[in-house]
Structures are given as C-alpha cells and as structure tokens.
S.K.: 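Pasting a structure here, questions to come.
Just so it is clear: chains get the letters A, B, ... in the order the sequence lines come, proteins before strands, and each one is counted from 1.
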2 protein chains.
Amino acid sequence: MPRIRHKRLDCSPGCAVEATLELIDGKWKGVILFHLLHGTMRFNALRKRLPTVTQRMLTAQLRELEQDGFVLRTVYAEVPPKVEYSLTERGRTLEPVITALKQWGDTHTRFGTDTQRETEPEAAPAGG
Amino acid sequence: MPRIRHKRLDCSPGCAVEATLELIDGKWKGVILFHLLHGTMRFNALRKRLPTVTQRMLTAQLRELEQDGFVLRTVYAEVPPKVEYSLTERGRTLEPVITALKQWGDTHTRFGTDTQRETEPEAAPAGG
DNA sequence: CATGACGGTATCATTTCCGATACTATGAGC
DNA sequence: GCTCATAGTATCGGAAATGATACCGTCATG
C-alpha cells in the first residue's frame, strides 16, 4: 500500500485538505479520475489518453483508486480480455474537486487548452 | 527543482488537473496553503500547526511554494530572526481549490472535524 | 562562558516512486 | 506453430522524496 504517506494526519483542521490530497495524488490519479468522469473506459482506452504512462503504473493507480472506493473494475469473461473502469458513487463525489483542479489549471497554467491548437509552437526544445 | 514529476504533461484535457495537482502536491503544501489562507504566519507558528513536519521539510515546502509564486517570504532584520509567510495574489487564486479539497475531506473522511469529533463512523470499506 | 530563542542549512540513510522489460493466458487467423 | 490483441503480473534498478540529527549566527540573560 504505497499510498499511505502520513502515519498520522496531525494537521489540525487543514488536515482534511491533506487527507483528500493524499487520495487523489499519485502522479496519474487526477487525470484518470478526470477521464472517468466522462464515462466508463476500457484499460487500453485509458492508456491512449495517457500516452506516457506505463502499463504497470496505470494498473497500480487503478488498483489504488479501486481500493479507495473511487472506481469500479468490471471484468468480462471474454477473450481477448475486456475490463471496464467506471466511477463509483463515491468517485463521483470527487467531481467538484477535480473540477476545481481543472479550472485552476485552465486559468493559471499553460495546459488550459482542451483543444490543442496545432498552430502553437508548444514543446519545441531546441535539441542542440 | 524536485517538484517536476512529469517531463511532458501528455494527458489531453485532463492535463490541467495534473498540472495543478503537481503544484500543490508535496506532502505538506496543501495544509500550509490552507493555514496561510487565514492570514500571515511566522515560521514557528506554522510548525506548531504541523506537529509532525520536520524543520527541513517545512523549509523545503515553503521554498517551493515561494518559487511557484504562491507565498511571499518576508524577513525582518531582527534578532532573534523573524520571518513571515503570507499568500501572494496568485496564492489566493488557489482558494477555491483548497476549499474544494477541504470540503470533500470534511464530508468524506474522518478528518472532517475542526474540533476532533469521532462520533462519525464513516463508511470504511477495506476494513483492515 | 553557557544557554535560549528563531530560522535555517548540511549531511546521511531510508523509504517510496516509477520506468523498462520480460513473461503469462486464451482464442482467432494463417 | 507463429503472430495479434487485451489485460495484467513479476522483477530489477535508478531517481526522488522524506526523516533524523547536527551545526550556524546573533543578541539577551545570568
């Protein structure tokens, strides 16, 4: 259970902030939750949304999210395998949080573009 | 700069979510921001609010927050030293985010009590 | 001189995170 | 038998985060 970072959340009232942060932290959870907010997705569909995540990591994050009761994992007895991920009711309660996170990012970071404009020289680090 | 976790935020629209998360992540940033929302605080005052944080960590988190433009560090030329931390305007823009985090925590975790009150047998799945 | 208060900094060791790669299982198609 | 597709799992190694502890600098007090 690598998700436990605080043995004791001794942080007075602000504690609730940390408690929440701890649950949705983890490098990919935020985005996963965000995508799942829009509907059920299969494992590989999720992977396509997260181009740089490894299979191992995606699985790990999904498991933790499942453990925390945020996502539901549905396995279909088919071949090839089919596994769907969706939010539980508890997972949906995170919507305002994810939304706040998204909105802030949209307004205050350079990632606030839903529709990538190809006319923008985004990442163009001179390689030499 | 230890706070960079994603080399590339290739996560489609949800990217903004991660971008924001990255800035307020860091084990203590959330709580620090929360406390600073209520007003300027001195270093040791902050420490008292975070009983389990080490001096080293608190300093580190504060520096990152400062680097990211969220907090303002004011040093007074006195002895013994006096350093005050307060939110910048940019820092205040995080208020809705912190609030959403706090509210979710208040409602869905056992830390939702300003005045410790364990009369709430929260539905704890994964009973370990 | 020694101690205390305040706010740090430096160093060391451990824990945890995360990526790369390889292996598993099954039915379809050739 | 070989390859493809899907969804994982197992193992190894390097990087980053975090904790513990000791040391720094200054003025006041005794």
Side-chain angles (χ1 to χ4, degrees), chain A residues 1-11 18 21-32 36 40-67 71-86, chain B residues 1-11 18 21-32 35-36 40-68 71-86:
Chain A
M1 267 71 315
R3 67 193 162 65
I4 177 169
R5 300 201 310 183
H6 292 248
K7 277 79 182 259
R8 298 176 62 199
L9 282 288
D10 289 337
C11 20
E18 262 302 307
L21 228 26
E22 221 178 298
L23 292 171
I24 62 177
D25 177 38
K27 186 153 190 179
W28 296 106
K29 291 189 188 176
V31 224
I32 292 174
L36 254 23
T40 295
M41 293 183 81
R42 291 184 59 175
F43 189 81
N44 276 355
L46 231 21
R47 277 187 83 179
K48 277 174 201 148
R49 301 286 195 159
L50 283 4
T52 61
V53 75
T54 58
Q55 200 165 34
R56 181 185 172 289
M57 271 310 294
L58 184 52
T59 301
Q61 301 286 290
L62 250 6
R63 298 289 178 193
E64 287 185 18
L65 252 12
E66 196 190 353
Q67 263 181 50
V71 322
L72 180 66
R73 179 167 173 268
T74 310
V75 184
Y76 294 86
E78 301 176 4
V79 167
K82 175 177 172 183
V83 179
E84 286 186 342
Y85 290 91
S86 58
Chain B
M1 273 61 327
R3 66 193 162 63
I4 176 166
R5 299 199 311 183
H6 293 247
K7 277 81 180 261
R8 296 177 62 199
L9 282 289
D10 289 336
C11 19
E18 263 302 307
L21 228 26
E22 222 177 297
L23 292 171
I24 61 177
D25 176 38
K27 187 152 191 180
W28 296 105
K29 292 190 188 175
V31 224
I32 292 174
H35 287 304
L36 256 22
T40 296
M41 292 182 84
R42 291 183 59 175
F43 189 81
N44 276 353
L46 231 20
R47 275 188 85 180
K48 277 173 201 149
R49 302 286 196 160
L50 282 4
T52 60
V53 75
T54 59
Q55 200 165 35
R56 181 186 171 290
M57 271 311 293
L58 184 53
T59 301
Q61 302 286 288
L62 249 8
R63 300 287 180 194
E64 288 186 17
L65 252 12
E66 197 192 350
Q67 264 182 48
D68 290 329
V71 323
L72 179 67
R73 179 167 173 266
T74 310
V75 184
Y76 295 85
E78 299 176 7
V79 166
K82 175 177 172 183
V83 181
E84 288 187 342
Y85 291 91
S86 58

S.K.: Rounded to whole Å, please give me the gap between CG in A/Leu62 and C1' in D/dT6.
M.R.: 14 Å

S.K.: Could you state the interatomic distance from CD (B/Glu22) to NZ (B/Lys29), rounded to the nearest 0.5 Å?
M.R.: 9.0 Å

S.K.: With respect to the side chain of A/Pro80, which nucleotide from D/dT6, C/dG8, C/dC6 is positioned closest?
M.R.: D/dT6

S.K.: I want to verify a distance call: between D/dG8, C/dG7, D/dG19, whose nearest atom is closest to the B/Trp28 side chain?
M.R.: D/dG19

S.K.: Within a strict 4.5 Å, meaning less than it, do heavy atoms of the A/Gln61 and A/Arg63 side chains meet?
M.R.: no

S.K.: Does B/Lys82 place a side-chain N or O at less than 4.0 Å from the phosphate oxygens OP1/OP2 of C/dA5?
M.R.: no

S.K.: Whole angstrom is fine here: how far is it from CG in A/Leu50 over to C1' in D/dA7?
M.R.: 16 Å

S.K.: Taking atom CZ of A/Arg42 and atom OH of A/Tyr76, what is their separation to the nearest 0.5 Å?
M.R.: 9.5 Å

S.K.: Is the closest side-chain heavy-atom distance between A/Val83 and A/Arg73 below 4.5 Å?
M.R.: yes

S.K.: Please report, rounded to the nearest Å, how far the C1' atom of C/dT16 is from the CG atom of A/Asp25.
M.R.: 12 Å

S.K.: Would you mind reading off the distance between B/Leu46 atom CG and C/dC6 atom C1', rounded to a whole angstrom?
M.R.: 14 Å

S.K.: Quick one: CZ on B/Arg47 to OG1 on B/Thr52, what's the gap to the nearest 0.5 Å?
M.R.: 11.0 Å

S.K.: What nucleotide among C/dG8, D/dT6, D/dG8 has an atom nearest to a side-chain atom of B/Tyr85?
M.R.: C/dG8

S.K.: Work out how much the helix from C/dC1-D/dG30 to C/dC30-D/dG1 bends between its end axes, five pairs an end, to the nearest 10 degrees.
M.R.: 30°

S.K.: What integer distance in Å separates A/Phe43:CZ from D/dT9:C1'?
M.R.: 11 Å

S.K.: Strictly below 4.0 Å: does B/Arg47 bring a side-chain N or O up to OP1 or OP2 of C/dC6?
M.R.: no

S.K.: Write down the distance between CD (B/Glu64) and C1' (D/dT18), rounded to a whole number of angstrom.
M.R.: 12 Å

S.K.: Is the phosphate of C/dG7 approached by B/Arg73 (side-chain N or O, under 4.0 Å from OP1 or OP2)?
M.R.: no

S.K.: Over how many whole Å does the gap from B/Glu78 atom CD to D/dG25 atom C1' extend?
M.R.: 16 Å

S.K.: Taking C-beta and beyond as the side chain, do B/Gln55 and B/Leu58 meet within less than 4.5 Å on heavy atoms?
M.R.: no

S.K.: Kindly indicate whether the side chain of A/Leu23, heavy atoms from C-beta on, has any atom under 4.5 Å from the side chain of A/Leu65.
M.R.: no

S.K.: If only side-chain N and O atoms of B/Asn44 are considered, is one of them under 4.0 Å from the OP1 or OP2 phosphate oxygen of C/dG7?
M.R.: yes

S.K.: Do A/Leu72 and A/Glu66 have side chains that approach each other closer than 4.5 Å (heavy atoms only, starting at C-beta)?
M.R.: no

S.K.: Nearest whole Å is fine: how far is C/dA10 C1' from B/Arg63 CZ?
M.R.: 14 Å

S.K.: Does A/Leu50 form a side chain to side chain contact (heavy atoms under 4.5 Å, CB included) with A/Met57? I'd like the steps, not just the answer.
M.R.: CA-CA 11 Å; A/Leu50 283 4; A/Met57 271 310 294; over 6 Å; no

S.K.: Which residues, if any, of residues 53-61 of chain B bring a heavy atom under 4.0 Å of DNA chain C?
M.R.: B/Gln55, B/Arg56, B/Thr59

S.K.: Using side chain to side chain contact (heavy atoms under 4.5 Å, CB included) as the criterion, point out the one residue from B/Leu62, B/Thr40, B/Ile32 that pairs with B/Tyr85.
M.R.: B/Leu62

